[in-house]
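Bear in mind the structure is a predicted one, so any value in this text is a computation, not a measurement. By convention in this document, chain letters (A, B, ...) are assigned in the order of the sequence lines, proteins followed by strands, and residues within each chain are numbered from 1.
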Amino acid sequence: MKSSYIPMTRQQQEAMLSAVGVESLEELFSAIPEELRLKKDLNLPKPLSEYELKKHMNTLARKNSDACENICFLGAGVYDHIIPSAVKHIISRQEFYTAYTPYQPEISQGVLQSIFEYQTMIAELTGMDAANASLYDGATALYEAVLLASRFNGRKEVLVARSVNPEYRKVLHSALKYSGITIKEVDFNKEENNPAGKSGTIDLKKLQDKLSKDTAAIAIQSPNFFGILEDIKAISQKAKEVGALLIAVCDPISLGVFESPGVLGADIAVGEAQPLGNPMNFGGPLLGYFAVKSPFIRRMPGRIAGETTDSQGRRGFVLTLQAREQHIRREKATSNICTNQALCALAAVSYLSLMGKKGLKEVASQCINKSVYTYKSLLETGQVSQVFSAPFFREFVVKPKIKPSVLNEALSAEKIIGGYDLTAEYPELEGCWLVAVTEKRSMEEIKHFVNKVNSICQGGDY
Amino acid sequence: MKSSYIPMTRQQQEAMLSAVGVESLEELFSAIPEELRLKKDLNLPKPLSEYELKKHMNTLARKNSDACENICFLGAGVYDHIIPSAVKHIISRQEFYTAYTPYQPEISQGVLQSIFEYQTMIAELTGMDAANASLYDGATALYEAVLLASRFNGRKEVLVARSVNPEYRKVLHSALKYSGITIKEVDFNKEENNPAGKSGTIDLKKLQDKLSKDTAAIAIQSPNFFGILEDIKAISQKAKEVGALLIAVCDPISLGVFESPGVLGADIAVGEAQPLGNPMNFGGPLLGYFAVKSPFIRRMPGRIAGETTDSQGRRGFVLTLQAREQHIRREKATSNICTNQALCALAAVSYLSLMGKKGLKEVASQCINKSVYTYKSLLETGQVSQVFSAPFFREFVVKPKIKPSVLNEALSAEKIIGGYDLTAEYPELEGCWLVAVTEKRSMEEIKHFVNKVNSICQGGDY
Amino acid sequence: MIRDEKLIFEKSVEGRIGYSLPENDVPKVDLEAFYPDEFLRKTDPELPEVSEVDVIRHYTNLSKRNYGVDSGFYPLGSCTMKYNPKINEDIASIEGLAQMHPLQDPQSAQGNLEILYNMDRYLSEILGMERVTLQPAAGAHGEMTGLMIIKAYHMHRNDSKRVKIIVPDSSHGTNPASAALAGFEVVHIPSDERGCVDIKALESILDDTVAGLMLTNPNTLGLFEEDILKISKMVHACGGLLYYDGANMNAIMGIARPGDMGFDIAHVNLHKTFSTPHGGGGPGSGPIGVIKELVPFLPVPVIEKVNDSFVPDYDRPLSIGKVKSFYGNFGVILRAYSYIRTMGAQGLKAVSQAAVLNANYIRKKLEDYYEIPYNRTCMHEFVLSAQKQAKSGVTALDIAKNLLDEGIHPPTIYFPLIVQEAMMIEPTETESPETLDNFIEIMRQLAVKAQDDPESLKNAPKTTYVSRLDEVKAARTPVLRWKK
Amino acid sequence: MIRDEKLIFEKSVEGRIGYSLPENDVPKVDLEAFYPDEFLRKTDPELPEVSEVDVIRHYTNLSKRNYGVDSGFYPLGSCTMKYNPKINEDIASIEGLAQMHPLQDPQSAQGNLEILYNMDRYLSEILGMERVTLQPAAGAHGEMTGLMIIKAYHMHRNDSKRVKIIVPDSSHGTNPASAALAGFEVVHIPSDERGCVDIKALESILDDTVAGLMLTNPNTLGLFEEDILKISKMVHACGGLLYYDGANMNAIMGIARPGDMGFDIAHVNLHKTFSTPHGGGGPGSGPIGVIKELVPFLPVPVIEKVNDSFVPDYDRPLSIGKVKSFYGNFGVILRAYSYIRTMGAQGLKAVSQAAVLNANYIRKKLEDYYEIPYNRTCMHEFVLSAQKQAKSGVTALDIAKNLLDEGIHPPTIYFPLIVQEAMMIEPTETESPETLDNFIEIMRQLAVKAQDDPESLKNAPKTTYVSRLDEVKAARTPVLRWKK
Ligand SMILES: Cc1ncc(COP(=O)(O)O)c(C=O)c1O
Ligand SMILES: Cc1ncc(COP(=O)(O)O)c(C=O)c1O
């Protein structure tokens with residue numbers, strides 16, 4: 001089998017076999033028990049050439065309705081933001097994308113410095129003292145944060161707001177199942193039993209009820225899964241009162257305009273940084289960020305880049321605090337993480353550099369303007385009704401007159417990717433619809449969307 | 001106007017103006033007569049952001065029927081070949097594509113060495129002693145070749161086969177119009193008046209008639225515009241007899257299997273190297289190659305890279321023989337060319353490296369196999385008839401029962417890009433159709449094509 | 001090399017912009033009115049204010065201070081740094097595949113789901129397993145997932161006394177770390193003199209508290225566990241499950257399969273064996289395959305094919321739940337899918353054959369120059385020791401740093417921990433014999449110099465952007481971020 | 001920097017392959033039977049036999065020995081080496097635009113034709129012309145085209161005695177070369193002491209043998225021809241046409257227009273002013289615009305808009321014909337189109353303002369260190385002379401080579417020919433003041449060193465892949481290709 005990826009020619013193979021002192025390729029595998037050695041080819045499709053592969057993949061792509069050909073109003077944790085062209089060009093530099101984890105710092109200053117810059121930006125956005133080089137995604141970052149908290153204060157209970165992304169909570173539930181840490185979920189305020197401006201946020205009374213000296217941490221999300229801002233400060237005070245840590249899951253784009261969790265009293269900030277220059281990619285790779293206040297620095301999981309000097313006194317960067325890591329500490333490591341999401345972090349750092357202070361604010365503001373405009377327009381149709389009253393960011397909950405699943409299907413025929421159906425995850429919000437509107441959506445698209453929702457709900461011929 | 005491409009801030013602008021010693025930006029332009037200075041903005045569409053631009057361009061793209069979504073059987077000088085993925089990755093290295101012509105060789109070894117390698121490959125393929133760094137396209141390369149020949153032997157007449165690409169002949173006609181060089185075209189053999197195996201090739205008798213001591217050069221193409229191979233050797237002997245030069249226009253892919261023009265006696269080989277790793281690009285950029293035998297080296301137009309040594313004796317490359325060029329010689333230069341197609345040449349050299357000896361032969365062979373298969377299958381339908389009898393490469397002429405223009409329109413509805421209608425350029429071939437079949441076409445696609453041609457010609461419902 | 005010492009922050013100029021956004025075309029919301037004041041940010045984050053030109057130059061120049069597989073030889077043991085085919089990058093950026101939201105209606109994502117389903121089928125075949133989950137984001141994450149399945153399996157059988165996971169000392173570091181993290185007690189067993197699991201030692205600890213055994217195979221010495229069938233039988237006999245760390249599958253694709261070896265769970269690293277690039281640290285992807293009995297425990301969703309339609313199945317009562325959001329690292333999976341489709345069965349087998357031959361070739365050619373603790377036919381990699389050289393004061397680190405000056409990425413050093421002055425060499429199949437010979441020649445010269453003139457090797461690297469960096473300082477007084 | 005001295009041919013290994021092609025799926029043709037034997041190749045061309053890995057590494061490493069705009073400052077006078085926005089590259093690779101055959105039925109190419117049509121409109125507006133042809137492949141090619149139109153125009157009027165083209169000595173070298181190639185007699189006129197066309201000299205040669213005048217404006221000294229209106233009137237008065245070399249349009253976009261200056265034909269270089277990359281030598285694109293009277297002479301086809309449909313019009317009896325295949329360098333035009341659409345009118349004006357301010361800033365800051373022959377407000381570039389330095393033996397070449405060591409691409413040197421030891425500096429608008437200041441500082445230091453320690457400047461460059469190359473040797477005994 002000749003392959004353009006295997007340079008060894010038949011002639012060279014012969015020469016090498018004899019240099020090794022074996023008769024045949026088979027002999028190289030004699031350590032494998034005879035009965036284990038496969039007697040026939042694996043049952044895989046016959047190989048395609050490059051061009052055939054491209055055709056095949058394009059055929060598969062045509063079975064999808066992607067967010068370029070369709071207008072996307074779906075969010076719920078993954079967002080369709082504008083990605084500046086320069087980002088892709090940067091991460092396509094082979095020196096970045098074909099490198100391994102920077103074990104040899106002298107020839108890895110590119111990756112190391114970009115991680116250092118990324119750590120700085122994440123710390124700046126979240127108002128924290130330090131950040132790591134990234135984790136798999138927001139959900140696993142939350143899991144790592146809970147572990148850190150529990151180990152830090154030795155407590156075994158964690159309170160998690162139900163307004164935290166259900167996908168995150170699921171990961172938390174499965175990962176913590178046999179860990180000895182128990183999860184208690186805290187409900188959110190419903191419209192009916194709440195003063196205006198609070199519904200959709202964590203129920204502080206219920207939180208208070210569950211808080212105790214056993215609470216390792218409170219985990220909240222702001223903007224929460226419904227797009228609604230939580231009162232991080234008030235919650236952090238409650239956490240402090242019992243000596244629990246506060247873990248805040250925050251959207252990094254929103255931090256262009258909102259006060260940072262660090263300033264508001266959170267101890268750990270984690271979340272999903274996909275919106276920073278990374279495509280949706282059908283949900284992966286994503287980019288978990290992880291940032292902490294000083295006391296927790298040496299307890300962070302994952303890779304960390306640090307500044308140092310070379311033998312000539314020049315600034316340089318290395319992977320640091322490695323004593324925490326598995327290849328040295330084995331079962332005593334703070335986490336088992338080896339591979340992170342450095343390339344996604346590079347996309348994020350490129351994105352944030354291009355956006356800068358002003359651009360990030362502009363993106364966040366446009367998300368607000370456009371989501372508020374969409375929200376109001378939808379309500380004006382009379383076909384959807386309000387669910388919560390608290391102010392939101394980029395995403396909001398409404399209740400259409402017809403079932404979200406039916407509505408989405410009808411929208412799909414109009415080349416619109418509709419909102420998220422809350423029914424399955426929140427039975428009490430049956431029929432409610434979570435709609436995300438980023439800066440990418442033009443007024444024209446929004447109007448088109450609202451019109452379609454209107455006509456579909458009216459059952460008219462759309 | 002703020003732009004992400006203009007780093008100067010307003011504040012910096014103020015400081016710089018005062019450093020220059022002017023009051024305002026306007027003052028910088030005081031050398032321009034007042035009445036010339038525009039009083040209002042240019043009438044251009046309002047600026048688009050990156051994302052809006054992308055949407056706009058995608059909208060335009062949807063008004064096209066491209067060769068990815070459609071199956072292309074059109075050639076006639078530009079060909080739809082497979083381009084290995086690695087080619088694009090190589091030419092996307094910024095160090096290559098954002099550089100200028102390599103005036104400073106010490107920081108341009110990348111471009112210079114790749115040109116040197118390109119020159120070598122072109123010389124190898126064509127059997128010539130040297131090649132230049134590329135010209136605009138095949139047509140202008142032919143023009144430069146004619147100029148060289150006429151200057152070399154001081155003669156003022158050039159014989160051009162009518163079987164040379166009409167697009168090339170048009171460029172030649174316009175460019176030579178006032179040059180003092182006259183063009184005489186030489187007809188091709190028709191089926192009726194010719195022994196089998198010769199029709200479609202240059203009419204050697206007519207050529208002989210027109211040849212004289214005034215003939216600076218004969219220009220032929222092989223495979224010619226009809227895809228048919230010319231007898232280069234016989235023609236070169238005729239040229240030699242009168243002291244004329246032979247200019248051969250050859251397709252580089254075909255040279256994977258066919259004898260080189262150099263070996264067959266041509267003095268200059270030129271042509272279009274787009275098929276080597278360059279996309280069709282709606283006809284531009286293309287890649288004119290230009291190769292010569294030794295006596296003509298110092299008369300070549302355009303840039304040339306040459307090998308030399310650095311001050312430490314190491315091999316290096318420079319632009320050489322610059323004394324021919326316009327920036328030094330001004331009106332006495334051998335050509336006015338300044339800009340060439342280096343990036344397209346880099347694509348070609350990457351392509352040829354990937355293909356290698358064996359791959360190029362394989363591509364050429366598949367073009368033959370597939371075009372012959374298509375040709376035979378078309379004839380078998382009984383709906384198209386044979387026009388020429390000589391052996392062809394990748395492309396052939398047939399005469400369908402219905403007009404090519406009508407046939408193409410009907411094929412277009414089937415997502416097929418049909419062949420080239422010869423009617424306009426060759427009135428004697430009215431209703432004839434030039435069909436190209438590259439290695440890219442699968443048997444399935446060819447069958448589909450033949451079926452559609454069959455049913456359309458039969459007027460059946462297709 | 002252009003010396004540019006600045007961080008992107010240090011290039012910031014107030015008022016400069018690098019973005020191009022559509023103008024806001026809807027009514028503006030007054031933030032102060034819409035949000036409570038305490039929710040609004042009081043100080044801007046210190047993001048740089050730079051132009052697009054600045055950003056491109058900054059990161060382009062940073063890239064030049066980095067070494068990737070496309071730069072040259074990268075025999076970093078355990079990491080399978082093979083060439084990453086370019087076509088796979090193109091495939092991964094097809095908008096119709098990449099610009100998809102994971103929560104879209106499955107009916108509108110049939111192309112992607114088909115890819116996931118087929119990938120499960122292909123990897124199952126390669127591993128000899130029943131089903132594969134593509135959710136884990138990396139090898140270590142696959143291990144965690146596998147261990148959770150082990151736990152769930154035992155608990156489902158109400159066998160709660162199984163608290164131990166056995167891990168040979170020749171296993172990868174993530175194995176014990178994952179086991180600990182999954183809440184198990186880690187029991188180490190030593191290697192025997194042949195570098196394989198000490199069967200006696202294993203025997204002595206097998207009892208009904210054993211939940212399972214994790215085996216890195218080929219192990220971190222690059223050796224195939226010859227007694228693997230015995231091991232799997234022994235562990236099964238005592239009621240434990242067998243976990244196969246298949247990050248080293250590059251050695252045995254199409255040659256042998258973990259499932260056939262009696263293993264119950266196995267992970268592969270798509271970012272190693274299946275040629276997806278490692279991105280300077282990630283993203284990766286660590287799918288795991290399981291035998292039939294364990295399929296019910298797989299994370300949700302499992303993609304099922306129902307009447308030619310691909311459906312994510314969430315209704316799996318015994319499932320361990322979710323280990324990561326959505327479907328896993330789809331962008332990485334796409335590249336691996338492309339790789340498998342272009343290589344085919346024979347191609348994958350040829351890969352392993354060439355990888356193993358290359359490793360043995362280097363081993364053989366270096367055996368007279370370096371100590372090779374377990375010097376017999378290895379698989380895709382082997383470990384040598386610079387102990388001989390250490391006697392004259394030249395360490396594995398020194399040798400590594402000297403390789404940098406030769407334009408070669410050094411092998412993994414000081415790993416595995418069970419070999420002193422270890423250098424773990426994995427050439428992979430994508431390297432040519434000429435590249436290997438060049439490496440061998442340089443390694444030989446270094447060995448000679450280590451003897452003749454050890455001091456000459458202490459100052460490397462000399463040609464890199466920075467010279468040796470002070471790692472101790474970095475760890476003692478960590479500076480983890482820039483401050484204004 | 002990895003030292004790899006080999007050519008790709010020298011890496012060839014017999015039998016190695018780097019391609020991946022579909023298998024032939026149709027009946028094979030027997031070449032020997034199908035073609036006469038003498039048509040078939042007897043010896044294979046010496047193409048390298050290498051793997052994809054080899055090719056990628058080879059050219060990636062070659063790229064590292066090259067300097068582009070993304071690497072750093074590139075003030076190469078006359079070349080407008082501005083930053084090339086990345087989005088334009090993305091646009092140019094949209095398959096629906098790029099994968100088009102030029103001979104497709106125009107109805108199936110309406111998107112591309114619309115782009116060409118609009119580009120004609122935009123450039124006409126920018127130049128102040130009636131119509132634009134996009135066919136020329138470069139500036140010099142645009143000149144040729146323009147000169148052919150001049151010729152055709154006079155011939156059409158049966159005015160065959162007009163054989164001369166006047167070219168100021170401050171014009172670009174392509175101007176006289178193109179004129180000669182188009183069959184004209186080239187008449188030079190000198191510059192006056194202000195660096196502009198010597199009006200008296202011009203007057204003295206104007207007669208009815210003059211076909212036209214070609215003016216590079218701003219000229220190669222970076223100066224705007226102040227008497228431009230006088231010049232155009234004088235030439236028109238004697239029956240000549242006026243050709244405007246607008247390769248330097250970066251100085252005056254949105255500020256003044258060649259058409260308004262009385263010029264009849266003007267070209268622009270898309271690969272300079274309109275930010276398309278130069279590709280290490282090309283491809284470029286040199287559209288020309290003409291006034292109404294000359295529209296009939298434009299090359300075919302001209303794209304016309306007929307009832308919302310875009311139609312290539314070939315039926316133009318007075319057309320000079322074709323100057324290049326098909327529609328011109330569409331791939332380049334696409335990028336320039338994107339640029340114009342993202343910049344808009346105010347953006348283009350801001351470009352010229354910043355470009356001119358940047359040039360003047362450097363000029364001012366260097367005037368105490370270097371001689372500046374025509375030292376007044378310049379346009380987008382200016383020319384300084386190293387004559388002062390040459391007295392102590394340091395030439396413009398030495399200064400250029402020292403800049404290489406500082407990571408800066410040197411200015412154009414020894415051009416224009418009318419200034420001795422010329423260094424032509426064009427910073428462009430995409431460079432930041434910090435970049436300019438860094439350049440100024442280095443240039444100042446070099447000037448100081450040239451005085452204090454001239455010898456220290458003779459050995460540069462020291463940090464590049466090769467040191468100074470022997471150009472004389474290369475030209476004397478040309479080695480233009482590798483041989484086995
Ligand atoms: C043998 C082995 N197992 C597990 C892992 C962990 O894989 P990952 O880095 O993807 O988490 C690695 C990677 O270093 C490995 O080599
Ligand atoms: C003023 C001027 N005119 C004409 C040209 C020729 O343009 P091109 O290189 O595209 O042929 C140039 C390019 O160097 C130029 O600077």
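- Atom CD of A:Gln104 and atom CG of C:Leu404 lie 5.0 Å apart (nearest 0.5 Å).
- Not a single donor-acceptor pair under 3.5 Å links the side chain of A:Asn369 to the backbone N or O of C:Val26.
- A side-chain donor-acceptor contact under 3.5 Å links C:Arg41 to the backbone of A:Leu255.
- Only the side chain of C:Leu21 comes within less than 4.5 Å of a heavy atom in chain A; its backbone stays farther off.
- Interface residue A:Leu17: backbone and side-chain heavy atoms are both found under 4.5 Å from chain C.
- A donor-acceptor contact shorter than 3.5 Å links the side chain of A:Asn64 to the backbone of C:Asn112.
- Note that the CG atom of C:Leu181 and the OG atom of A:Ser179 stand 9.0 Å from one another [nearest 0.5 Å].
- For the atom pair CD1 of A:Ile368 and NZ of C:Lys28, the computed distance is 12.0 Å after rounding to the nearest 0.5 Å.
- Residue contact with chain A, scored on non-hydrogen atoms closer than 4.5 Å, involves the backbone and the side chain of C:Val55 alike.
- If you tally non-hydrogen atom pairs under 4.5 Å between each of C:Ser20, C:Ala256, C:Ser12, C:Gly183 and chain A, the highest count goes to C:Ala256.
- Contact of A:Tyr103 with chain C is made through the side chain alone, with heavy-atom distances under 4.5 Å.
- A:Asp66 contributes no side-chain N or O that, together with a main-chain N or O of C:Gln99, makes up a donor-acceptor pair within less than 3.5 Å.
- Using a 4.5 Å cut-off between heavy atoms, A:Pro105 touches chain C through backbone and side chain atoms alike.
- Only the side chain of C:His271 comes within less than 4.5 Å of a heavy atom in chain A; its backbone stays farther off.
- Proximity to chain C (any heavy atom under 4.5 Å) is shown, for A:Ala123, by both the backbone and the side chain.
- Residues C:Gln104 and A:Met280 fail the side-chain proximity criterion, which asks for heavy atoms closer than 4.5 Å.
- Under a 3.5 Å cut-off, the side chain of A:Gln366 and the backbone N or O of C:Pro22 do form a donor-acceptor pair.
- With a threshold of 4.5 angstrom between heavy atoms, A:Ile417 approaches chain C through side-chain atoms but not through N, CA, C or O.
- Between A:Glu167 and C:Lys324 there is no salt bridge, since no side-chain nitrogen of the basic residue lies less than 4.0 Å from a carboxylate oxygen of the acidic one.
- Of the atoms belonging to A:Asn408, not a single heavy atom falls under 4.5 Å from chain C.
- Under a 3.5 Å cut-off, the side chain of C:Asp25 and the backbone N or O of A:Met443 do form a donor-acceptor pair.
- Across C:Val466 and A:Arg314, no two heavy atoms sit closer than the pair CA-NH2, 3.9 Å.
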Exercise. I would like to know whether C:Tyr59 and A:Glu117 meet side chain to side chain donor-acceptor pair (under 3.5 Å); could you show each step before the answer?
Key: CA-CA 11 Å; C:Tyr59 291 105; A:Glu117 292 174 347; 2.7 Å; yes
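- Few gaps surround NZ on A:Lys170; more than 12 heavy atoms of other groups in view lie less than 6.0 Å from it.
- Both the backbone and the side chain of A:Gln13 come within contact range of chain C, with heavy atoms under 4.5 Å apart.
- Interatomic distance, CG of A:Leu286 versus CG of C:Asn329, reported as 7.0 Å (0.5 Å rounding).
- For a residue to count as touching a neighbouring chain, one of its non-hydrogen atoms must lie under 4.5 Å from one of that chain's; by this rule A:Lys46 touches chain C with the backbone only.
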Trace of the side-chain contact (heavy atoms from CB on, under 4.5 Å) decision for A:Thr320 with C:Glu471 | CA-CA 7 Å; A:Thr320 192; C:Glu471 308 207 9; over 6 Å; no
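- Of the inter-residue distances, the one linking C:Tyr465 atom OH with A:Gln113 atom CD reads 7.5 Å to the nearest 0.5 angstrom.
- If you check the side chains of A:Gln94 and C:Ser71, you find a donor sitting under 3.5 Å from an acceptor.
- Residue A:Lys357 places its NZ atom among more than 12 non-hydrogen atoms of other residues, nucleotides or ligands, all under 6.0 Å distant.
- C:Tyr327 and A:Phe282 have parallel rings, their planes meeting at less than 30° on a 0 to 90° scale where 60° marks the start of perpendicular.
- No salt bridge links C:Glu5 with A:Arg315; every basic N to acidic carboxylate O contact stays at or beyond 4.0 Å.
- One distance of note links CG of C:Leu47 with NZ of A:Lys358; it measures 14.0 Å at 0.5 Å rounding.
- By the 4.0 Å N-to-carboxylate-O rule, C:Lys401 lies close enough to A:Glu106 to be salt-bridged with it.
- Ranking C:Val50, C:Asp260, C:Val356 against chain A, the residue ahead of the rest is C:Val356, based on heavy-atom pairs under 4.5 Å.
- If you check the side chains of C:Ser467 and A:Ser311, you find a donor sitting under 3.5 Å from an acceptor.
- Atom CD of A:Glu409 has 12 or fewer heavy atoms from other residues, nucleotides or ligands within 6.0 Å.
- When heavy atoms are compared at a cutoff of 4.5 Å, A:Ile82 approaches chain C solely by way of its side chain, counted from C-beta outward.
- A:Thr308 places a side-chain N or O within 3.5 Å of a backbone atom of C:Asp470 that can act as its donor or acceptor partner.
- Proximity to chain C involves both the backbone and the side chain of A:Tyr136, based on heavy atoms less than 4.5 angstrom apart.
- Considering only heavy-atom pairs separated by less than 4.5 Å from chain C, the leading option among A:Ser30, A:Ala67, A:Cys344 is A:Ala67.
- In terms of heavy-atom pairs under 4.5 Å with chain A, the best-connected choice from C:Glu89, C:Lys364, C:Gln110, C:Glu125 is C:Glu125.
- Side-chain atoms of C:Asn84 do not come within 3.5 Å of backbone N or O of A:Thr98 as any donor-acceptor pair.
- Using a 4.0 Å cut-off between charged side-chain N and carboxylate O, A:Lys63 and C:Glu114 make a salt bridge.
- Using a 4.5 Å cut-off between heavy atoms, A:Lys88 touches chain C through its side chain atoms alone.
- For a residue to count as touching a neighbouring chain, one of its non-hydrogen atoms must lie under 4.5 Å from one of that chain's; by this rule A:Leu25 touches chain C with the side chain only.
- Between the side chain of A:Glu307 and the backbone N or O of C:Val479, no donor-acceptor pair lies under 3.5 Å.
- Here C:Tyr35 and A:Phe258 bring their ring centres to under 6.0 angstrom of each other.
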